[in-house]
Participant: 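The following block contains the structure, expressed as C-alpha cells.
Values in this document were obtained by computation on a predicted structure and should not be read as measured data. Just so it is clear: chains get the letters A, B, ... in the order the sequence lines come, proteins before strands, and each one is counted from 1. Basis for what follows: all heavy atoms, side chains included, without hydrogens, waters or symmetry-related copies.
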Amino acid sequence: MLDLKFVRNNPEVVKTALQKRRSSISLDPFLELDERRREKLVKVEKLKNKRNVVSEEIGRLKKVGQLAENLVLEMRQVSDEIKNLDEEIRVLDQQLQRVLLAIPNIPDDSVPEGIDESDNIELRRWGEPRQFDFDPKPHWDIGETLDILDFERGGKVTGARFTFYKGAGAALERAVFNFMLDVHTREHGYIEIIPPFMVNSNSMIGTGQLPKFAEDMFKVENTDYYLIPTAEVPVTNLYNNEILNGDKLPIYHCAFSACFRAEAGAAGRDTRGLIRQHQFNKVELVKFVRPEDSFAELEQLTLNAEKVLQLLELPYRVVTLSTGDLGFSSAKTYDLEVWLPSYNNYKEISSCSNFLDFQARRANIRYREGKVKPRFVHTLNGSGLAVGRTVAAILENYQTDTGTVKIPAVLHPYMGGIKEIN
RNA sequence: GGAGAGAUGGCCGAGUAGGUCGAAGGCGGUCGCCUGCUAAGCGAUUAUACGAGCUAAAACUCGUAUCCAGGGUUCGAAUCCCUGUCUCUCCGCCA
C-alpha cells in the first residue's frame, strides 16, 4: 500500500506509475474521498474537544454539589452529532482504504517500461543449454517411464494438477529442498523457518494477495484461513504489527513450504507435468532490511537464488520484468528462468522482488533506530527455488539416451549415494 | 469439545462504588551531572496514528483517538454491559 499522504501530495507521480503498469485504476475518486474525509474529521474533532472540556466541567460541578442539567442536555445533543459524523467518517475511511489497497506499487525508475513479458529485458545468462544427440523427452514422460511421478493417480485421488512423487522421485524432491535449505542457511546466512501452511485474511492483505486476488487462492471453508500460495505470506507477516529493534536488521529468513494456487485463468497453460500444479513445494527467501539498503539486497538475494542453479549446473538466464509484467506489490523484480528442453526455452523458476515499504505498510512492520520515529522496513523475497520445477529441470537436463537420469553431483550426499535413477 | 482465569505503554506491574488516567511505580533506553577506571549515585527525558496550524521539509504547537478487537450504556468508561479473538489452568479427545 502506498502512503496516503504521498498519494495526496503526489497524485501525478502515482498516475504516471499506473499508466506504466497499464492499470485502469483512476485516482480521482481517491482524491475526492480523502478531501471529504478530512473535512468531516476537522468538524468532529472540534465537537469532541468541546465534549471533553464540558464533561470535565460537569464532573467538577457535581463534585461541589451543583447540578448541571442544562450542560448535560447540551452535551447529549453534541454526542448525537458526533455519533453521526463518526459513522460518516467510518464509511469514508472504508472506501478510502479499499481504493488504497487496490493501488499497485510504483515501479522503480530502473524498471523497463513495457506491456507484458515480451518486454522483459534479459540481463545475463549462465551455462550452455545441452546439445542432445538423441530426442530428449519431456519430464512427464521421463517421470512416468521411470515410475517416479504419477500424474494419473494424482488426478484420480484429488484432481487435475495434483501429482504423486514415488520412490526415487520422492527422494529427489526431498533431496532438492534439503540441499537448497542447506545452501541458504549455511552459505548465505538465512535463518530457517517452517511456517504455517494456512494464514488468516489479515496476513493475505499484508503481503498484497488480498483483497484483489482472492480467486487465485484456496480458502478453507467456514474459516478465515487460506492455504498459502507461497511461504512469503506467513514469513513476511511473521513481524506484522511489530516495531523491530534496528540492530536486528537486516533479517534473512529462508522457508520451506508447500504452496497452493488455484491457478484461476491458467486453463490450457502448462497442462502437463510439474510446471503448473495446484500444490508444489518451494524454498522461499525473505528479507527485512533498512530502506537505504533494499536495492543492494535485491541484487544479493538474486545471486543467492542463482547460486542454487549454478551448483546444480542447470543453465539459466536472469530477466528484469517490465512494468507490464511486474507483480502488484513489487517495485522491481528479477526472474530466474531455467533451461527446459521440453519447452525448448527458458522457464521461470524464481522471482526475486523488492517491495520497498509497500508490504511493510500494509502489514505494519516497522523498526526503530536511535531516537527517531519508527520507520517502515523494506521487504524482499525470492524463490530459492521452486522445488517441483527444479526437479523437472533436473529430469530433463540430466536425462540419458537410455532413459535414465543422472543425479547432479551436489545432490549425491542427499540421495544416499544414488548417482542415477533407472 | 466442557469448566474456570486473564488480556494495561519496549518489558514488569498498579489502577473496579465511572470523572482532571495516555495512564502510579519499577526495569530497560536516551541525554546530562558526578566519578582516577569500573560499579554505584543524582537529575531530566522516554508511545503510536491521524488531523489542523506553521514550514522548502522537518522540528514545533494545538487537537482527536488508542489500556486485546468491535458494539452498547452515559454529559463522561481502562473502569459498567454485550459479542468476538487470543493466552493460561483443569477435564475430555487426539498425532
Participant: B:G63 P sits how many Å from A:Asn49 CG, rounded?
Facilitator: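 Interatomic distance, CG of A:Asn49 to P of B:G63: 7 Å.
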
Participant: State which of B:U64, B:C75, B:G72 makes the closest approach to the side chain of A:Glu45.
Facilitator: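 Nucleotide nearest to A:Glu45's side chain: B:U64.
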
Participant: Among B:G51, B:U48, B:U20, which nucleotide sits nearest the side chain of A:Lys63?
Facilitator: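 Side chain of A:Lys63 sits closest to B:U20.
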
Participant: Taking atom P of B:U55 as reference, at what distance in whole Å does atom CG of A:Asn9 sit?
Facilitator: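 For the pair A:Asn9 CG and B:U55 P, the rounded distance is 16 Å.
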
Participant: Taking atom C1' of B:U30 as reference, at what distance in whole Å does atom CG of A:Asn245 sit?
Facilitator: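 Whole-Å distance recorded here is 13 Å.
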
Participant: Just to be sure I understand the rule, does A:Lys46 reach a base, reach only the sugar-phosphate, or reach nothing, if contact means heavy atoms closer than 4.0 Å?
Facilitator: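 Answer is nothing: A:Lys46 stays at 4.0 Å or more from every strand.
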
Participant: Nearest whole Å is fine: how far is B:U73 C1' from A:Met75 CE?
Facilitator: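 Interatomic distance, CE of A:Met75 to C1' of B:U73: 19 Å.
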
Participant: For A:Leu73, report the nucleic acid contact type (base, sugar-phosphate, nothing); a contact means any heavy atom under 4.0 Å.
Facilitator: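 Answer is nothing: A:Leu73 stays at 4.0 Å or more from every strand.
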
Participant: Select base, sugar-phosphate, or nothing to describe what A:Arg361 touches, counting heavy atoms under 4.0 Å on all strands.
Facilitator: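 Contact class for A:Arg361: none.
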
Participant: Looking only at side-chain atoms of A:Lys83, point me to the closest of B:G19, B:G72, B:G51.
Facilitator: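 Nearest to the side chain of A:Lys83 among the choices is B:G72.
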
Participant: Remember a base hit wins even if backbone is also touched, and classify A:Val54 as base, sugar-phosphate or nothing at under 4.0 Å, heavy atoms.
Facilitator: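 Contact class for A:Val54: none.
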
Participant: Verify the contact: side-chain N or O of A:Arg375 to OP1 or OP2 of B:U48, cut-off strictly under 4.0 Å; return yes or no.
Facilitator: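 Answer is no, no contact under 4.0 Å.
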
Participant: Does A:Arg368 place a side-chain N or O at less than 4.0 Å from the phosphate oxygens OP1/OP2 of B:U48?
Facilitator: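 Looking at the OP1 and OP2 atoms of B:U48, one of them is under 4.0 Å from a side-chain N or O of A:Arg368.
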
Participant: Considering only atom C1', compute the distance from B:C81 to B:C27 and round it to an integer number of Å.
Facilitator: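 Roughly 36 Å separates the two C1' atoms.
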
Participant: What interatomic distance, in whole Å, is found between C1' of B:G26 and the corresponding atom of B:G18?
Facilitator: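 28 Å, rounded to whole Å.
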
Participant: Between A:Ser79 and A:Lys50, who's closer to the 5' end of RNA chain B by nearest nucleotide?
Facilitator: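 Counting from the 5' end, the first nearest nucleotide belongs to A:Lys50.
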
Participant: Within this structure, what is the OH-to-P distance between A:Tyr367 and B:G29, rounded to whole angstrom?
Facilitator: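 Going from OH in A:Tyr367 over to P in B:G29 covers 21 Å.
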
Participant: Please report, rounded to the nearest Å, how far the C1' atom of B:C50 is from the CG atom of A:Asp34.
Facilitator: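 Taking CG of A:Asp34 and C1' of B:C50, I get 11 Å after rounding.
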
Participant: If the C1' atom of B:G4 is compared with that of B:G22, how far apart are they to the nearest Å?
Facilitator: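 Pairwise C1' distance, B:G4 against B:G22, rounds to 33 Å.
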
Participant: Could you check which of B:C50, B:A49, B:C75 has an atom nearest any side-chain atom of A:Leu41?
Facilitator: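 Given the options B:C50, B:A49, B:C75, the side chain of A:Leu41 is closest to B:C50.
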
Participant: Look at the side chain of A:Glu56 and the base of B:G19, then say whether one donor and one acceptor between them are separated by less than 3.5 Å.
Facilitator: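 No, the side chain and the base share no sub-3.5 Å donor-acceptor pair.
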
Participant: For B:U48, what is the paired nucleotide under Watson-Crick or G-U wobble rules, both distances under 3.5 Å?
Facilitator: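 Its partner is B:A65 (Watson-Crick or G-U wobble, both distances under 3.5 Å).
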
Participant: At under 4.0 Å, does any side-chain N or O of A:Arg60 touch on OP1 or OP2 of B:U20?
Facilitator: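 A:Arg60 to B:U20 OP1/OP2: no side-chain N or O under 4.0 Å.
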
Participant: Is the terminal nitrogen or CZ of A:Lys406 (NZ for Lys, CZ for Arg) located under 6.0 angstrom from the six-membered ring centre of A:Tyr398 and within 45° of that ring's axis?
Facilitator: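 Checked: cation-pi criterion not met.
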
Participant: Quick one: is A:Asn52 getting a side-chain N or O under 4.0 Å of the B:U64 phosphate, OP1 or OP2?
Facilitator: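 So the side-chain polar atoms of A:Asn52 do come within 4.0 Å of the phosphate oxygens OP1 or OP2 of B:U64, strictly under.
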
Participant: I'd like to know if the side chain of A:Ser203 and the backbone of A:Val199 have a donor-acceptor N/O pair within less than 3.5 Å.
Facilitator: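 Pair absent, no side-chain N/O of A:Ser203 close to backbone of A:Val199.
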
Participant: Could you tell me whether A:Lys5 contacts a base, only the sugar-phosphate backbone, or nothing, with contacts defined as non-hydrogen atoms closer than 4.0 Å?
Facilitator: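 The residue A:Lys5 makes sugar-phosphate contact but no base contact.
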
Participant: Could you tell me how far apart A:Lys43 (NZ) and B:U64 (P) are, to the nearest whole angstrom?
Facilitator: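 Those two atoms, NZ and P, are 18 Å apart.
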
Participant: Is a salt bridge present between A:Asp34 and A:Arg8, judged by a nitrogen-to-oxygen distance below 4.0 Å?
Facilitator: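 Salt bridge: yes.
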
Participant: What is the distance, rounded to the nearest whole Å, between atom CG of A:Leu244 and atom P of B:C11?
Facilitator: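 Result: 13 Å.
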
Participant: Is there a donor-acceptor contact under 3.5 Å from the side chain of A:Asp28 to the main chain of A:Leu31?
Facilitator: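 No, A:Asp28 side chain to A:Leu31 backbone: no donor-acceptor pair under 3.5 Å.
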
Participant: With both distances under 3.5 Å as the test, what is the Watson-Crick or G-U wobble partner of B:A56?
Facilitator: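 Checking every strand shown, B:A56 finds no partner, since no pair has both distances under 3.5 Å.
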
